[in-house]
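What you are looking at is a predicted structure, and each value in this text was computed from that prediction instead of being measured.
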Amino acid sequence: MSAFGSVTFGQPATSNHNPNKDVEVSSVRGCDSLVKMWNLQTNQQQQIAQHAAPVRHVFYVKDMNMLVTGSWDKTLKYWDLRSPNPVHTQQLPERVYAMDCVNKLLVVATADRSIQVYNLTAPQTPYKQLQSPLKFQTRCVTAFPDTSGYLIGSVEGRVAVHHVEDSLQSKNFTFKCHRDNTEVYAVNGICFHPQFGTFVTSGSDGAFNFWDKDSKQRLKAMQKCSMPIPCANFNRDGTIFAYAVSYDWSRGYAEYNPNTAKNYILLHQPQEAEVKSRARVPGRR
């Protein structure tokens with residue numbers, strides 16, 4: 001794999017999202033409380049948003065032609081990139097720990113295990129407010145591709161499958177994952193396969209597993225890496241699953257050694273049998 005560019009930040013950058021998939025730019029959020037647009041062709045940066053604390057997530061909402069940002073300053077902000085000031089600031093009960101946006105569905109998970117669901121046709125008011133069905137800190141949240149619900153991953157090695165509408169609550173359930181006997185690991189990331197609608201979880205145990213929520217089964221457990229997987233995602237057509245392997249701070253500062261720390265980006269080519277939904281075999285977990 002060859003590098004296509006390099007960039008240095010004054011504070012750690014936390015992740016990248018593309019605010020406009022028609023051009024070669026990416027928005028970068030960081031612990032300096034800024035959001036910068038990075039032009040991949042010119043390698044130039046431009047500040048496009050700002051919070052009063054580190055920015056946790058950034059999403060481009062195509063239908064609104066706006067950027068939405070979630071921060072540890074307990075706010076959501078909506079930005080028209082032609083203006084230096086936010087169009088709207090939404091106060092939240094706590095710091096943003098996880099967030100996802102698909103079409104008009106925006107799901108925000110905060111530090112107090114609160115979940116706020118927004119219909120972006122009316123972004124000033126939460127559509128739903130609830131407590132996470134999981135008992136411990138939320139680590140990630142991912143909206144269903146059809147926007148009927150979302151997945152919640154937590155530090156307790158558990159995932160909740162939750163639906164938005166009250167009429168679908170009977171379909172909600174939770175399941176354990178990323179555990180090894182008495183060892184329990186955080187679920188760091190969840191993402192849906194863009195073709196088959198199944199999903200993958202990645203965790204602090206260094207493993208990634210493919211799941212089918214509709215048949216309630218694990219499709220494939222992959223061999224563990226030697227270090228945690230802090231983030232991962234499919235490419236646009238689902239033919240490649242890219243995942244980072246590095247220390248994720250799940251065991252604190254004491255176990256981080258900058259002299260021996262290693263960071264990798266690995267690629268997996270999913271086979272159809274790993275990611276395509278199938279009927280559940282009776283008695284199989």
Side-chain angles (χ1 to χ4, degrees), residues 14-15 17 29 33 35 49-64 66-80 86-177 186-192 199 201 213-214:
T14 47
S15 84
H17 294 276
R29 54 187 169 83
S33 308
V35 179
Q50 184 172 7
H51 280 262
V55 182
R56 186 65 183 89
H57 283 286
V58 179
F59 290 95
Y60 176 70
V61 185
K62 186 176 181 180
D63 289 347
M64 300 172 68
M66 287 188 186
L67 209 66
V68 57
T69 57
S71 169
W72 289 351
D73 67 3
K74 304 180 185 180
T75 67
L76 288 176
K77 293 187 178 184
Y78 296 83
W79 304 85
D80 182 333
V87 174
H88 172 66
T89 298
Q90 183 74 26
Q91 297 296 323
L92 299 172
E94 252 292 353
R95 292 156 290 166
V96 174
Y97 272 8
M99 190 165 114
D100 195 22
C101 183
V102 174
N103 298 328
K104 291 182 172 61
L105 174 66
L106 175 67
V107 185
V108 183
T110 61
D112 57 356
R113 294 177 44 246
S114 173
I115 304 291
Q116 295 204 350
V117 179
Y118 291 86
N119 181 337
L120 291 180
T121 58
Q124 298 89 348
T125 306
Y127 182 69
K128 298 278 186 177
Q129 298 185 74
L130 63 147
Q131 197 79 357
S132 169
L134 304 180
K135 295 180 180 179
F136 295 95
Q137 177 183 306
T138 303
R139 190 72 181 87
C140 56
V141 64
T142 300
F144 292 2
D146 66 1
T147 71
S148 66
Y150 47 92
L151 304 173
I152 308 167
S154 76
V155 298
E156 66 192 279
R158 191 183 290 267
V159 168
V161 179
H162 210 82
H163 292 76
V164 174
E165 301 299 339
D166 294 341
S167 60
L168 298 175
Q169 297 306 297
S170 62
K171 294 185 176 182
N172 296 345
F173 65 95
T174 68
F175 65 91
K176 298 177 183 178
C177 54
V187 181
N188 287 333
I190 307 173
C191 53
F192 279 94
F199 65 92
T201 61
K213 66 177 175 60
D214 297 323

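For the pair Pro93 and Gln116, the minimum side-chain heavy-atom distance is below 4.5 Å. Between Gln91 and Thr75, some side-chain heavy-atom pair lies under the 4.5 Å cut-off. Counting heavy atoms from C-beta on, the side chains of Ser71 and Val96 never come closer than 4.5 Å. Counting only heavy atoms from C-beta outward, the side chains of Asp100 and Phe59 approach each other to under 4.5 Å. Side chains of Pro126 and Gln90 form a contact here, defined as non-hydrogen atoms less than 4.5 Å apart. Between Leu120 and Cys101, the closest side-chain pair of non-hydrogen atoms falls below 4.5 Å. At a threshold of 4.5 Å between non-hydrogen side-chain atoms, the residues Phe199 and Leu151 count as touching.
Distance check, rounded to the nearest 0.5 Å: CZ of Arg158 to OG1 of Thr174 gives 4.5 Å. Between atom NZ of residue Lys77 and atom OG1 of residue Thr89 there is a gap of 5.0 Å, rounded to the nearest 0.5 Å.
Every residue meeting the side chain to side chain donor-acceptor pair (under 3.5 Å) condition with Lys128, not counting sequence neighbours, appears here in chain and number order: Asp166.
At least one donor-acceptor pair under 3.5 Å links the side chain of Asn172 to the backbone N or O of His163. No donor-acceptor pair under 3.5 Å is formed between the side chain of Arg113 and the backbone N or O of Gln131.
Between Val159 and Gly153, the shortest heavy-atom distance links the atoms CG2-CA, 4.4 Å. Across Cys177 and Val187, no two heavy atoms sit closer than the pair SG-CG2, 3.8 Å. Taking all atoms of both residues into account, the shortest heavy-atom contact from Gly70 to Met99 is N-CE, 3.9 Å. Across all non-hydrogen atoms, the minimal contact from Pro133 to His162 is CG-ND1, 4.0 Å. Heavy-atom minimum distance, Leu105 versus Thr147: CD2-O, 3.5 Å. Contact detail for Lys171 and Phe173: the closest heavy-atom pair is O-CD2, 3.4 Å.
No donor-acceptor contact under 3.5 angstrom links the side chains of Glu165 and Ser167, judged on distance only. Using a 3.5 Å distance cut-off with no hydrogens or angles, the side chains of Tyr78 and Gln124 do not pair a donor with an acceptor.
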Discussion item. Show, in sequence, the C-alpha distance, side-chain angles and deciding distance for Phe144 and Val164, and conclude whether the side-chain contact (heavy atoms from CB on, under 4.5 Å) test is met.
Written reply: CA-CA 10 Å; Phe144 292 2; Val164 174; over 6 Å; no
Discussion item. Go through it in stages, so that I can follow the logic: the residues are Leu106 and Val61, the test is side-chain contact (heavy atoms from CB on, under 4.5 Å), and I'd like the CA-CA distance, side-chain angles, deciding distance and then a yes or no.
Written reply: CA-CA 10 Å; Leu106 175 67; Val61 185; over 6 Å; no
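Under the 30°/60° scheme for interplanar angles, the aromatic rings of His51 and Trp79 are found to stand perpendicular.
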Could you give the side-chain donor-acceptor pairs of residues 134-142 under 3.5 Å, partners two or more places apart or in another chain?
{"unit_1": "Arg139", "atom_1": "NE", "unit_2": "Asn188", "atom_2": "OD1", "d": "3.1"}
{"unit_1": "Thr142", "atom_1": "OG1", "unit_2": "Ile190", "atom_2": "O", "d": "2.6"}

